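These notes concern the structure reproduced below.
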Amino acid sequence: MKYVSTRGQAPAVDSLQALLHGLAPDGGLYVPQGALEPLPPQADYRSTMVSLLARFFPEMEAKAREAAVASSLARFRSAEAVPLKAVAPGVHFLELFHGPTYAFKDVALTLLPHLLSYAAQARNAGEVCVLTATSGDTGSAAMEGFAGVPGTRVLTFYPQVGTSEIQRRQMVCCQGENVAACAIAGNFDDAQAAVKAAFADPALAERARAHGSLLSSANSINIGRLFPQICYYLECARKLAQPFDVVVPTGNFGNLLAAYFAKLLGAPIGRFTVASNANRVVCDFIQSGTYNARRDFHVTNSPSMDILVSSNVERLLWLLTGGDCAQVRAWEEQLKAEGAFTLTPAALEALHRDFASGWATPEETERAIADLWQRFGYLADPHTAIGWKVLQELPATGRPTVIAATASPWKFPATMLRALTGSAPADDFAAARALGELTGQTPELLALESAPIRFSQVTAKAAVPETIAASFGF
Ligand SMILES: *Cc1c(COP(=O)(O)O)cnc(C)c1O
C-alpha cells in the first residue's frame, strides 16, 4: 500500500512516511493509491482495528499493531469502546465519546501516537514534535493521547475565544512532561492557518532537523487520524447487518470522510449526511457545489464545528473525480487565491448521489437537545443534537440511521442546561451540577474544576514559529 498526494506533484510514499509527514510536500493530503478492496468482516471491533491497520500500515510489525490497538482500547471507559445505542425508532446513536477527553477525537488520538512513535523509530526520524491546531476537542485529545508516549512531544494551539471552559481546562491542566498548550489570539481558522504555515516554513524545518527532531501533525490531515475512524463505521455495519445511513456532525470533514472510506471498504452505507452549525460552509457546498469560505465566522454553541476551511474536503474531491489531481490542485489553488471554487457538473452529480446536508442555528441546536431529552430521555451534546435536527428534515429512506454522537453532554453543560431550562450559570461546573440534579444523571468532568493550570501563554499569529521553536527547544 502506497500513499499519493491529492495534488499529484509529490512522490508516492509508504505508510510510515505518510504518517511521519502528515502533509505531502506539494501541499496536498495523502490518500491510499489505487482501488480499495472490501475488508472481510471481522469478529469484533478490536480485530477490525487490527486488520485495518494491517491493510493500511503494512510496514508496521504485526505485534506492534496489536499492541497499539490494545493501548488505545485500554483508554476507553466503556467495555464496548464505541457503543451503538438505539434511541428513537430507526435511529441509533454511535457513542464515540467514552475516551479520555469525552469526544470522538479520542478514537484516533489514542492510537495515532503509537503509530507515529513506531514510524519514527523504524525510520530513525528522531523525536516527533507534533503540532496541533484545535477548535476545542483535538487539542486535549492529542495531549492525552501523546502524554507519556516515548519519542514524542505535542504543542497545541487553541483559539483564545470560542472553546468551552471545560475544553480549555482539559488542555491547560493536562499532565504529561511531553505535552503543552498555547492560546492564539484569533479563531480556529487562524490557529489552523498558523500551524499550516509553520509546516511550510523551511527555516523552522531546518531548526527542527538540526535539533534531531521532526515536525509532524496530529490534525485530521494526517492519514493516521483517518484510519482508526473508519473502524467504528465498519463496526456499525457488523452490528446492524443491513444497509444504513449516517448523519455526521461535521467540521473538518474527517469523520464523514472516514464513513465514506468505510463504504469503499464494504460497509453498506446509503446516504451520508453532513450536519453543520451556523458556519455551514460544507453544508452549502454539498447543496450548491460551490465551496465558499468568504463569509463571516460565527462563534456558536457547537464550538468544535466552528470552521470555515474544512481540510478533508480535499480528499473527497480526489475521490469524487476518480483521482484527478490536476483538477483537485486547480480547485485548491482557486480556494487559496479567491476563497471559493465550484465543482464541475459531473463532480456535483457524483456528490449528490451519496451526500445530503443540513444545518442548525444555536437556537435550533438547543431545541434539538430539549426534543431528544423530552421525547426519548437521551442527553445529546450540542454537536450530536444538530445531527438529530438535520435528520428530521430529510426524506425517509426506509433504512436505519446512525448518528455519530461526537461528544459527551458533560463537555458542554451550560448549553445543555440552557436548552432544558432556558437559562444557565456562566460557570460550566455549576451548570454541570445543576444539569445532574435536573436529569438525575451523574455529572462528569467535575475534577477539572480544581485541577492546577499548567499553561497560560497567549501568542499572536505572527509569533507562532518562535513559540514553536521555544516550546520544543529548537
Ligand atoms: C471535531 C468534532 C466534530 C467535527 O468533526 P470533523 O471530523 O472535524 O468533521 C464534531 N463534533 C465534535 C464534538 C468534535 O469534537
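The first residue of the sequence shown is numbered 1, and numbering continues consecutively from there. We count ligands from 1, going down the list as the structure has it; atoms in each ligand are counted the same way. None of the values given here were measured: they were computed from a predicted structure.
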Just how far is it from atom CG of Asp137 to atom OG1 of Thr406, taken to the nearest 0.5 Å? 7.5 Å

Could you list each nitrogen or oxygen of ligand 1 that sits under 3.5 Å from a protein nitrogen or oxygen, with the atom names and the distance?
from, atom 1, to, atom 2, distance (Å)
ligand 1, 7 (O), Gly254, N, 3.1
ligand 1, 7 (O), Asn255, N, 2.9
ligand 1, 8 (O), Asn252, N, 2.7
ligand 1, 9 (O), Gly251, N, 2.7
ligand 1, 9 (O), Asn252, N, 3.2
ligand 1, 9 (O), Phe253, N, 2.9
ligand 1, 11 (N), Thr406, OG1, 2.8
ligand 1, 15 (O), Lys105, NZ, 2.6
ligand 1, 15 (O), Asp137, OD2, 2.5

Looking at residues at least two apart in the chain, or sitting in another chain, which of them share a salt bridge (charged side-chain N to carboxylate O under 4.0 Å, His left out) with Lys196? none

Restricting to ring-ring contact (aromatic ring centres under 6.0 Å, His included), what partner residues turn up for Phe57, sequence neighbours left out? Phe227

Under the salt bridge (Lys or Arg N to Asp or Glu O under 4.0 Å) rule, what pairs show up with a residue in residues 94-112, not counting sequence neighbours? Lys85-Glu95

Side chains of Gln192 and Asn252: is there a donor and an acceptor less than 3.5 Å apart? yes

What do you reckon, are the aromatic ring centroids of Phe412 and His383 less than 6.0 Å apart? yes

